[in-house]
Amino acid sequence: MSEKINIRGVLFNNVTLEEAVSYLVSSLEDGKQTALFTPNSEIVQNCIENPELYDVINSGELIIPDGIGVVKAGRILRTPFKGGKVAGIEVGEELIRRLAGGDHKVFFLGGKPGVAEAAADSLTKKYPGIQFAGFSDGYFSKEGEENDSVIEKINSTDADVLYVCLGAPTQEKWIYANRARLKNIKIMLALGGSLDGYAGNVKRAPKIFIKLGLEWFYRLLCEPWRFKRMLKLPKFYFGTWIYKLKNK
């Protein structure tokens with residue numbers, strides 16, 4: 001696999017989007033259980049403030065920089081990412097495209113009731129031949145009998161690819177705690193709100209915002225209740241400059 005880039009203790013893979021998807025496909029064909037995590041600067045800052053999260057996040061076999069803040073941190077620390085930002089929602093869709101027409105089957109876990117099914121319907125129209133084995137919403141206790149029931153439901157299918165969309169860091173913690181119990185699953189993708197994106201419930205930022213690295217700002221405009229969470233972004237950015245100066 002590619003070289004690792006250490007951003008404040010989180011070990012990212014230095015990959016392009018195409019390389020990330022190819023790695024997932026290769027791991028699937030080889031039967032190697034692989035978890036994809038997609039930290040942005042908010043998640044890295046959460047690790048800094050809650051160090052027990054490092055083991056969880058760094059347990060992923062493939063960790064991609066899903067945030068312009070992480071990419072900028074790479075430049076600040078003089079360890080730039082060759083592919084820039086690698087958006088998890090795009091990796092997830094490209095993987096669906098690559099698997100369409102094959103034998104592999106996908107299970108969607110997360111979102112409100114009905115969202116996973118709507119996402120699958122939309123993706124099936126775009127990529128005929130993709131096979132979905134099952135769905136389960138994200139409204140369940142992440143431990144105890146409810147969690148056991150969800151795992152049994154996944155294991156009862158012949159899915160070997162699992163999209164876990166429970167929000168960070170819940171989804172990463174869930175994969176970390178339960179991956180050994182997922183008997184047939186080879187690829188696990190922690191993809192936050194991607195199901196809402198695939199279903200068309202949430203629109204991505206216009207291309208100009210994405211190009212300028214302002215996708216976070218567009219999201220804040222659409223969802224102002226995220227303001228408190230967004231405060232972690234400047235904290236991470238300026239903290240990275242301080243970190244660099246202290247570790248010259």
Which residue pairs satisfy the ring-ring contact (aromatic ring centres under 6.0 Å, His included) criterion with at least one member in residues 63-92, sequence neighbours excluded? Phe12-Phe81

May I have all residue pairs that pass ring-ring contact (aromatic ring centres under 6.0 Å, His included) and include part of residues 50-72, sequence neighbours excluded? none

Less than 4.0 Å between a side-chain N and a carboxylate O, is that true for [Y] and [X]?
| X | Y | result |
| --- | --- | --- |
| Glu90 | Lys85 | no |
| Lys235 | Glu49 | yes |
| Arg181 | Asp148 | yes |
| Lys105 | Asp158 | yes |
| Lys82 | Glu19 | yes |

List the residues meeting side-chain contact (heavy atoms from CB on, under 4.5 Å) with [X], not counting sequence neighbours, and say none if there are none.
| X | result |
| --- | --- |
| Asn6 | Leu11 |
| Ala73 | Ile7, Phe236, Thr240 |
| Arg179 | Gln33, Ala35, Glu61, Ile175, Met188 |

Considering only heavy atoms from C-beta outward, does the side chain of Ser26 approach that of Asp30 to under 4.5 Å? yes

When you measure from the side chain of [X] to the backbone of [Y], do you find a donor-acceptor pair of N or O atoms at a distance under 3.5 Å?
| X | Y | value |
| --- | --- | --- |
| Lys153 | Phe135 | yes |
| Asn201 | Val115 | no |
| Glu3 | Asn14 | no |
| Gln131 | Val106 | no |
| Asn40 | Ile43 | yes |

Does atom CD of Glu145 have more than 12 heavy-atom neighbours from other groups under 6.0 Å away? no

Atom CD of residue position Glu29 - does it have more than 12 heavy atoms of other residues, nucleotides or ligands inside 6.0 Å? yes

Carefully, step by step, assess Ser136 and Ile154 under the rule side-chain contact (heavy atoms from CB on, under 4.5 Å). CA-CA 9 Å; Ser136 186; Ile154 296 169; 6.0 Å; no

Looking at Ala100 and Pro128, what are the two nearest heavy atoms and their distance? CB-O, 3.8 Å

Check ring pair (Phe, Tyr, Trp, His ring centres under 6.0 Å) between Phe107 and all other residues, then give those that pass, not counting sequence neighbours. none

Can you measure from CG (Leu166) to CG (Leu109) and round to the nearest 0.5 angstrom? 5.0 Å

Do Tyr127 and Ile89 share a hydrophobic cluster (ILVMFWY, side-chain heavy atoms under 4.5 Å, transitive)? yes

Do you see a donor-acceptor pair shorter than 3.5 Å between the side chains of Asn155 and Asn184? no

